Amino acid sequence: MSILVTGGAGYIGSHTVVELLNCGEDVVVVDNYYNSKPEVLNRIREITGREVKFYEVDILDREALDGIFAQEEIESVIHFAAYKAVGESVEKPIDYYYNNITGLLTLTEVMKKHRVKNIVFSSSATVYGLNNISPLREDMPTSATNPYGRTKLMAEEILRDIHTSDNAWNVALLRYFNPIGAHESGRIGENPNGIPNNLMPYITQVAVGKREKLSVFGSNYDTHDGTGVRDYIHVVDLAVGHIKALNKLKEGIGCEAYNLGTGNGYSVLDLVKAFEEASSVEIRYELTERRAGDVATCFADAGRAKKELGWIAERGIAEMCRDSWNWQRKNPEGY
Ligand code: NAD
Ligand code: WQD
């Protein structure tokens, strides 16, 4: 039996595929390379010494997906494939709803047809909206402030309804906080197109000389140094969380949400300092206006994942910075 990983060529997907292969699982990846490169498969093979079965397929292509489920013996699905840029989602809501929601519906419809009813879903801390106070717990009210966030919220509700309609479905809704870092080999990592939206890839591109300086968005938040505080989590810890969630599905969990974060908050300037220490490279920055839609502070209560999945994040901020830098330094142009 195999684990089907949609979006398995992407940033979090590729690290999860490595952990799955290292655990001895057979993996089938579906990706249309919308936001990834074929080279990632060579790198995965190189790191693990194992083959990945790969289908270059869009998850919106129902017939192709149906063919994969007919061909392979799929036991569970990890569903990463989605668009993920918050700002772009405001400009292109139709694209985001179509890819993220129609994609999920197409996938679950095909899963249902083939009686595959175990799914781990990539949700996000963005579902906690603007009004909850950190540490954020899974039982807090959810809301969304942009189309991307709304696709995650809707997807969670769709999956909950599917479970309600048929409790043979087991669903883990994994709410990621801020994934950074890379595999310690420096062979796979985050590979953004164009100007990075997220903080860590921006910092690493300044460090490698691709960008002149970092703009720190807001310096008068109610935080210890005035800059935004987030819960950064090493992508390999995040990947391991998926293995734990898959194991939990087999126990029959119903539909459950889990925060995947460390429970620690670091400000933008904390991260800049930690990165400078890890890389011995100075990061030029300037303090600028707040970015619309940002909250001051966002970090997890990671207690449920620890108690129910037996998972905790093991890698600290220094390791996250070291591995982000190792990846960027060795691959200045990405894949
Ligand atoms: P990514 O863009 O690197 O990976 C997503 C992969 O899905 C890409 O390889 C892309 O080509 C593929 N894809 C997109 N649409 C597809 C389609 N229709 N058919 C087939 N493949 C498709 O993103 P990531 O950072 O690895 O994120 C993975 C998941 O985690 C996404 O669902 C994202 O929303 C979620 N998430 C990411 C973060 C983050 O900060 N990176 C935080 C919270 C949640
Ligand atoms: C982190 C901090 C910024 C860039 C986003 C999505 C969220 C989730 C993770 C998918 C904030 C500051 C950033 C820069 C800066 N993704 N910053 N200069 O906004 O917490 O979360 O990614 O689900 O949904 O919203 O992450 O990395 O963009 O920002 O000062 O150039 O860095 O203001 O305080 P964010 P981020």
Side-chain angles (χ1 to χ4, degrees), residues 5-16 29-38 40 55-61 64-65 78-87 89 95-96 98-100 102-104 106-107 121-129 144-146 148-149 151-152 155 174-180 188-193 195-203 205-206 211 213-219 221 223 227-233 235 238-239 242 260-261 265-272 285-299:
V5 181
T6 74
Y11 172 45
I12 305 170
S14 57
H15 288 82
T16 303
V29 170
V30 175
D31 201 301
N32 63 356
Y33 293 134
Y34 171 81
N35 197 33
S36 48
K37 299 270 162 54
V40 77
Y55 291 91
E56 186 174 345
V57 158
D58 190 315
I59 56 159
L60 290 154
D61 183 342
L65 215 49
I78 306 182
H79 180 38
F80 292 106
Y83 295 164
K84 65 165 181 177
V86 171
S89 80
D95 292 8
Y96 271 69
Y98 189 59
N99 196 52
N100 295 7
T102 311
L104 174 70
T106 309
L107 173 67
F121 176 70
S122 297
S123 188
S124 166
T126 192
V127 302
Y128 291 111
T145 51
N146 56 69
Y148 167 73
T151 69
K152 293 297 173 192
L174 302 185
R175 295 176 177 167
Y176 313 153
F177 281 70
N178 290 60
I180 61 172
I188 56 172
E190 189 168 10
N191 188 34
N193 281 326
I195 301 170
N197 298 305
N198 297 113
L199 179 58
M200 182 54 101
Y202 207 103
I203 290 176
Q205 291 198 6
V206 171
R211 314 257 160 225
K213 60 182 173 217
L214 171 72
S215 297
V216 175
F217 299 146
S219 52
Y221 284 110
T223 61
T227 67
V229 166
R230 296 292 182 274
D231 186 339
Y232 297 97
I233 173 167
V235 67
L238 197 64
H242 291 73
L260 295 185
Y266 288 91
S267 73
V268 175
L269 294 181
D270 291 337
L271 193 67
V272 168
Y285 69 83
E286 64 175 345
L287 304 177
T288 63
E289 289 301 298
R290 292 181 179 191
R291 183 173 65 181
D294 275 355
V295 290
T297 300
C298 171
F299 62 91

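It should be emphasised that the depicted structure is a prediction, and the values quoted were computed from it without experimental measurement. Just follow the structure's listing: the first ligand is 1, and inside any ligand the first atom is 1.
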Legend entry - Atom of V40, atom of S14 and distance for their closest heavy-atom approach: CG2-CB, 3.7 Å
Inset, instruction - Would you mind checking which non-hydrogen protein atom is closest to atom 25 (O) of ligand 2, with the distance to 0.1 Å? - result: V86 CG2, 3.5 Å
Legend entry - Closest protein heavy atom to atom 15 (N) of ligand 1, given as residue, atom name and distance to 0.1 Å: N99 ND2, 3.1 Å
Inset, instruction - Measure the distance from atom 20 (O) of ligand 2 to every protein heavy atom, then report the residue, atom name and distance (to 0.1 Å) of the closest one. - result: R230 NE, 2.6 Å
Legend entry - Atom indices of ligand 1, in the order listed, that fall short of 4.0 Å to a heavy atom of S122: 29 (C), 30 (O), 32 (O), 35 (C)
Inset, instruction - May I ask you to list the atoms of ligand 2 that are less than 4.0 angstrom from any heavy atom of D294? - result: 3 (C), 19 (O), 33 (O)
Inset, instruction - Nearest heavy atom to atom 40 (O) of ligand 1 wins, so pick from A125, P201, A81, P179. - result: P179
Inset, instruction - Please could you name the atoms of ligand 1 that G7 approaches to less than 4.0 Å, counting only its heavy atoms? - result: 6 (C), 7 (O), 12 (C)
Inset, instruction - Just need the protein heavy atom nearest to atom 17 (C) of ligand 1, so name the residue and atom and give the distance. - result: N32 ND2, 3.4 Å
Inset, instruction - With R230 as the cation and Y266 as the aromatic partner, state whether NZ or CZ is under 6.0 Å from the six-membered ring centre and within 45° of the axis. - result: no
Legend entry - Residue, atom name and distance, where the atom is the protein heavy atom closest to atom 5 (C) of ligand 1: A82 O, 4.1 Å
Inset, instruction - For ligand 2, indicate whether the residue T227 contacts it via side chain, backbone, both or neither (heavy-atom separation under 4.0 Å). - result: neither
Legend entry - Per-atom contacts, ligand 2 versus N178 - under 4.0 Å to a heavy atom: 20 (O), 21 (O), 26 (O), 35 (P)
Inset, instruction - Find out whether I59 and T102 are in side-chain contact, i.e. whether some heavy atom of one side chain is under 4.5 Å from a heavy atom of the other. - result: no
Inset, instruction - Within a distance under 4.0 Å of any heavy atom of V216, pick out the atoms of ligand 2 and give their elements. - result: 30 (O)
Inset, instruction - Nearest heavy atom to atom 16 (N) of ligand 2 wins, so pick from Y148, Y176, Y232. - result: Y148
Inset, instruction - Look only at interatomic distance and state if F177 has a nitrogen or oxygen under 3.5 Å from any nitrogen or oxygen of ligand 1. - result: no
Inset, instruction - Give the residue and atom name of whichever protein heavy atom lies nearest to atom 8 (C) of ligand 2, and the separation in Å to one decimal. - result: S124 OG, 4.0 Å
Inset, instruction - If the plane angle is over 60° it's perpendicular, under 30° parallel, otherwise tilted; pick one for Y96 and Y148. - result: perpendicular
Inset, instruction - List the closest protein heavy-atom neighbour of atom 18 (N) of ligand 2: residue, atom name, distance to the nearest 0.1 Å. - result: S215 O, 2.7 Å
Inset, instruction - Would you mind listing which atoms of ligand 2 come within a distance below 4.0 Å of any non-hydrogen atom of G228? - result: 34 (O)
Inset, instruction - Look only at interatomic distance and state if L199 has a nitrogen or oxygen under 3.5 Å from any nitrogen or oxygen of ligand 2. - result: yes
Legend entry - Side chain to side chain, V268 and V216, heavy atoms closer than 4.5 Å: yes
Inset, instruction - Show the numbers, then the answer: is there a side-chain contact (heavy atoms from CB on, under 4.5 Å) between D31 and E56? - result: CA-CA 5 Å; D31 201 301; E56 186 174 345; over 6 Å; no
Inset, instruction - From the options Y176, Y98, F80, select the one whose nearest heavy atom is closest to atom 30 (O) of ligand 1. - result: Y176
Inset, instruction - Provide, to 0.1 Å, the distance between atom 29 (O) of ligand 2 and the closest protein heavy atom, together with that atom's residue and name. - result: R291 NH2, 3.4 Å
Legend entry - Enumerated ligand 1 atoms positioned under 4.0 Å from heavy atoms of Y148: 33 (C), 34 (O), 35 (C), 36 (N), 44 (C)
Legend entry - N or O pair under 3.5 Å between Y83 and ligand 1: no
Legend entry - Minimum side-chain heavy-atom gap N99-L60 below 4.5 Å: yes
Inset, instruction - Would you check whether S123 has a nitrogen or oxygen atom less than 3.5 angstrom from a nitrogen or oxygen atom of ligand 1? - result: no
Legend entry - Any side-chain donor near an acceptor of the partner, D231 and N178, under 3.5 Å: no
Legend entry - Within-4.5 Å side-chain heavy-atom neighbours: Y34 and S36: no
Inset, instruction - Tell me which protein heavy atom sits closest to atom 19 (N) of ligand 1, plus the residue, atom name and distance to 0.1 Å. - result: I59 N, 3.0 Å
Inset, instruction - Would you mind reporting whether I195 and Q205 have side-chain heavy atoms less than 4.5 Å apart? - result: no
Legend entry - Reported OH-to-CG distance for the pair Y55 and D61, which is rounded to 0.5 angstrom: 13.0 Å
Inset, instruction - Please find out if less than 6.0 Å separates the ring center of F80 from that of H242. - result: yes
Inset, instruction - Answer whether the closest heavy-atom distance between the side chains of D294 and Y221 falls below 4.5 Å. - result: yes
Inset, instruction - Would you indicate which of T151, I12, N35 comes nearest to atom 2 (O) of ligand 1 when only heavy atoms are counted? - result: N35
Legend entry - Sub-4.0 Å atoms of ligand 2 with respect to non-hydrogen atoms of N197: 4 (C), 28 (O)
Inset, instruction - Examine the proximity of ligand 1 to V57 and report which part, side chain or backbone, both or neither, has a heavy atom under 4.0 Å away. - result: backbone
Inset, instruction - For ligand 2, find out whether one of its N or O atoms is nearer than 3.5 Å to an N or O atom of F217. - result: yes
Legend entry - Atom indices of ligand 1 within 4.0 angstrom of Y34 heavy atoms, with elements: 11 (O)
Legend entry - atom 12 (C) of ligand 2: nearest protein contact (heavy atom, Å): V268 CG2, 3.7 Å
Legend entry - Donor-acceptor side-chain pairing of Y176 and S123 below 3.5 angstrom: no
Legend entry - Side-chain heavy atoms of P196 within contact of Y202, under 4.5 Å: yes
Legend entry - Separation of E286 CD from L214 CG (nearest 0.5 Å): 9.0 Å
Legend entry - ligand 1-proximal atoms of K152, by part, heavy-atom distance under 4.0 Å: side chain
Inset, instruction - Would you tell me which option among D31, L238, D61 has the nearest heavy-atom contact to atom 8 (C) of ligand 1? - result: D31
Legend entry - Nearest heavy atoms of I12 and P179, plus distance in Å: CD1-CG, 3.9 Å
Inset, instruction - Specify the closest pair of heavy atoms between A9 and V29, including all atoms of both residues, with the distance to one decimal. - result: N-CG1, 4.1 Å
Legend entry - Interfacing atoms of ligand 2 (cut-off 4.0 Å, heavy-atom, T126): 24 (O)
Inset, instruction - Please write down residue, atom name and distance for the protein heavy atom closest to atom 4 (O) of ligand 1. - result: G10 CA, 3.4 Å
Inset, instruction - Considering heavy atoms of the protein only, find what lies nearest to atom 36 (P) of ligand 2 and give residue, atom and distance to 0.1 Å. - result: N198 ND2, 3.4 Å
Legend entry - Taking atom 25 (O) of ligand 1 as the reference point, the nearest protein heavy atom with its distance: K84 NZ, 2.8 Å
Inset, instruction - Can you pull out the closest protein heavy atom to atom 3 (O) of ligand 1? Residue, atom name and distance to 0.1 Å, please. - result: Y11 N, 2.9 Å
Legend entry - Contact check, side chains of C298 and Y128, non-hydrogen atoms, under 4.5 Å: no
Inset, instruction - Specify the closest pair of heavy atoms between L107 and L65, including all atoms of both residues, with the distance to one decimal. - result: CA-CD2, 3.9 Å
Inset, instruction - For Y33, take its heavy atoms, then give the atoms of ligand 1 lying under 4.0 Å from any of them. - result: 11 (O)
Inset, instruction - Write down the atom of R291, the atom of N197, and the distance for their closest heavy-atom approach. - result: NH1-O, 3.2 Å
